[in-house]
2 protein chains.
Amino acid sequence: MAKYERIADDLRQKILSGELAPGARMSAETSLTEQYKVSLPTMRQALGVLRAEGLIESHHGIGTFVRKPRQKIRRTTDRYQWEKDRVRLSDGKRAATGATERDTGLKFNDLEFYAKYDAIEADDDLAQVFNVPHGTKMLRRLYRTRTKSENSPLSLIYSYLVYDVVKANPELLDEENEPWPGGTQHQLYTLGIELDRIVDEISTRPPTPDEVEQLDLTQGIAVFNLRKISIDTGDRVVEVSNVILPGDRTEFVYMTKLKRWDA
Amino acid sequence: MAKYERIADDLRQKILSGELAPGARMSAETSLTEQYKVSLPTMRQALGVLRAEGLIESHHGIGTFVRKPRQKIRRTTDRYQWEKDRVRLSDGKRAATGATERDTGLKFNDLEFYAKYDAIEADDDLAQVFNVPHGTKMLRRLYRTRTKSENSPLSLIYSYLVYDVVKANPELLDEENEPWPGGTQHQLYTLGIELDRIVDEISTRPPTPDEVEQLDLTQGIAVFNLRKISIDTGDRVVEVSNVILPGDRTEFVYMTKLKRWDA
DNA sequence: GAGTGGTCTAGACCACTGT
DNA sequence: CAGTGGTCTAGACCACTCC
């Protein structure tokens with residue numbers, strides 16, 4: 001077994017056993033090289049292994065620390081029905097709280113919303129999902145929600161709608177109207193659209209360099225890619241969202257109710 | 001910007017643009033050091049970045065290759081109802097095909113099953129999920145399914161049942177009876193248990209060194225951790241599975257049907 | 001300024017694969 | 001055997017953070 005693996009194993013065991021507690025500062029790299037009697041690059045390779053496993057994180061000029069488990073965001077299956085039930089409530093009640101607050105347990109005032117709209121032409125992928133011709137004009141909406149306290153972004157959302165459908169209500173074309181009380185389901189409601197079902201496709205992949213920066217990830221932490229497809233009562237795809245969620249903070253919970261056997 | 005980042009950016013662009021096609025063999029490291037006029041460790045650092053992004057993979061003694069996108073396993077929401085519907089079919093029909101074949105599109109004969117049973121005492125986590133005392137005797141079942149063609153494992157499954165519940169049917173205590181036609185839902189049926197609902201909790205994390213080996217992953221590829229909780233018609237937790245799935249091959253699809261607004 | 005992690009080098013040797 | 005990637009060293013310099 002390689003030296004760096006032995007060192008990584010040793011340090012991993014110390015972390016998992018609690019000898020090195022979450023949040024604890026580790027010895028400096030130069031000091032560790034003396035302890036383990038190896039060269040600096042070898043020591044750094046060992047630490048790189050633990051970093052990729054999400055066990056430690058290093059901060060330039062400060063030190064290397066044992067990583068604390070992060071607060072999970074639970075995204076549950078009943079979220080969508082909850083949103084639908086709220087669509088026809090009064091404006092005030094809808095504005096009081098949103099789905100993000102529900103997932104995180106945070107308050108409206110803890111969060112900072114950012115939205116940006118633009119128009120694009122449907123690429124092959126979008127054209128296929130929406131079942132519209134390639135090049136169809138689409139409204140693309142970009143959302144970012146950050147917590148004020150930690151200044152940590154919760155997700156990156158890219159939402160797509162067919163432009164000609166949306167323009168029936170010009171208020172929906174203006175990003176200044178975000179955050180919209182009641183969210184997308186209420187926005188669609190103003191167009192006379194009722195949702196029949198929502199399909200979630202969940203995959204995971206390594207983050208792009210851009211996402212590492214935007215979501216404040218450390219090396220080795222994957223992202224969830226959630227594609228959410230909303231289908232209306234006429235079996236038409238009316239909205240598609242790509243939601244990028246940090247893998248270390250997110251948990252999905254889906255409940256499948258089964259039919260009873262006939263008596 | 002650091003040298004290794006410039007090199008990684010350059011190679012990444014070549015891969016994404018298709019100049020380096022999927023499956024293509026890259027120049028040897030020593031050759032790349034000459035091209036980019038850097039030292040070997042720096043070159044290796046650049047390649048390490050791309051490896052962590054899942055774009056390339058290296059094989060000792062052979063070379064470094066552009067990674068091909070892998071065939072996805074789709075795990076859909078209607079899988080559980082499909083399993084339940086099959087529980088009361090004849091033995092022959094149940095034996096003909098299983099849920100794994102359904103997810104992957106493979107045939108029974110393409111797959112190699114492995115099961116190992118043992119008895120353990122419930123730790124805090126299991127005791128809480130099952131709502132039984134700490135230390136309760138549990139049947140732990142370990143499953144591995146591999147494709148014969150690729151010899152690539154599809155998942156690692158750890159399934160837990162309360163021992164005293166299972167022992168009513170001694171056949172369920174013997175791993176030699178696996179693969180059991182109709183799977184866990186049919187096994188529970190022989191105990192007189194009918195499932196009411198199944199809750200899936202999905203999270204993602206970096207693989208442990210053991211999982212990297214078992215699932216044939218490369219550095220930087222996360223795993224899905226699916227905790228599947230089966231609840232019977234008496235609101236009792238009857239089975240819990242932890243399923244470890246390779247992040248680069250798996251996609252979850254969940255459909256949420258919404259109630260209609262009152263007319 | 002002192003201490004930390006981040007980058008980089010030139011060169012050595014080893015381990016694995018295929019011929 | 002030749003060619004490949006994997007490991008390791010000793011030492012240098014830089015960039016960042018805190019005091």
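A note on names: the letters A, B, ... follow the listed sequences, proteins ahead of strands, and every chain is numbered from 1. Quick note: numbers below take in every heavy atom, side chains included, and nothing from hydrogens, waters or symmetry partners.
Between the CD atom of A:Glu29 and the C1' atom of D:dA10 there is a distance of 16 Å, rounded to whole Å. Straight-line distance from the NZ atom of A:Lys37 to the P atom of D:dC8: 17 Å, rounded to whole Å. Look at CG on A:Leu32: it is 8 Å from P on C:dG5, rounded to the nearest Å. A straight line from CG of A:Leu47 to P of C:dT7 spans 13 Å, rounded to a whole angstrom. Taking atom CD of B:Glu5 as the reference point, atom P of C:dT7 lies 7 Å away to the nearest angstrom. We find that CD1 of B:Ile7 is positioned 12 Å from C1' of C:dT7, with the value rounded to whole Å. Remark: P of D:dG3 and CD of B:Glu34 are 13 Å apart, rounded to the nearest angstrom. Atom CD in A:Glu57 sits about 13 Å away from atom P in C:dG5, given to the nearest Å.
Between B:Thr42 and the phosphate of C:dT9, there is a side-chain N or O to OP1/OP2 separation shorter than 4.0 Å. Distances shown here put every side-chain N or O of A:Tyr4 at or beyond 4.0 Å from the OP1 or OP2 atom of D:dC8. One finds a side-chain N or O of A:Thr64 lying less than 4.0 angstrom from the OP1 or OP2 phosphate oxygen of C:dG5. Between A:Arg44 and C:dG5, a side-chain N or O to OP1/OP2 separation shorter than 4.0 Å is absent.
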Could you list, one pair per line, each protein nitrogen or oxygen that sits under 3.5 Å from a nitrogen or oxygen of nucleotides 11-18 of chain C, together with the distance?
{"unit_1": "C:dA15", "atom_1": "N3", "unit_2": "B:His60", "atom_2": "NE2", "d": "2.7"}

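Below 30°, between 30° and 60°, or above 60°: for A:Tyr143 and A:Tyr117 the angle between ring planes is above 60°, a perpendicular geometry.
Using a 3.5 Å distance cut-off with no hydrogens or angles, the side chains of A:Ser241 and A:Glu239 do pair a donor with an acceptor. With hydrogens and angles left out, the side-chain atoms of B:Glu29 and B:Thr64 include no donor and acceptor closer than 3.5 Å. Between the side chains of B:Arg75 and B:Thr250, no donor N or O sits under 3.5 Å from an acceptor N or O.
Residues meeting the side-chain contact (heavy atoms from CB on, under 4.5 Å) test with A:Gln35, sequence neighbours left out: A:Ser27, A:Ser31, A:Leu32. Looking at residues two or more places apart in sequence or on another chain, you find a salt bridge (charged side-chain N to carboxylate O under 4.0 Å, His left out) between A:Arg79 and A:Asp103.
Each of C:dT4, D:dT9, D:dG5 was ranked by its minimum atom distance to the side chain of B:Ala28; first place goes to D:dG5. Taking the side chain of B:Gln45 as heavy atoms from C-beta on, and the options D:dC8, C:dT4, C:dC8, the nearest nucleotide is C:dC8.
Mapping B:Met26 and A:Lys3 onto DNA chain D by nearest heavy atom places B:Met26 closer to the 5' end of the strand.
The nearest pair of heavy atoms linking A:Tyr254 to B:Ile202 is CD1-CD1, 4.4 Å.
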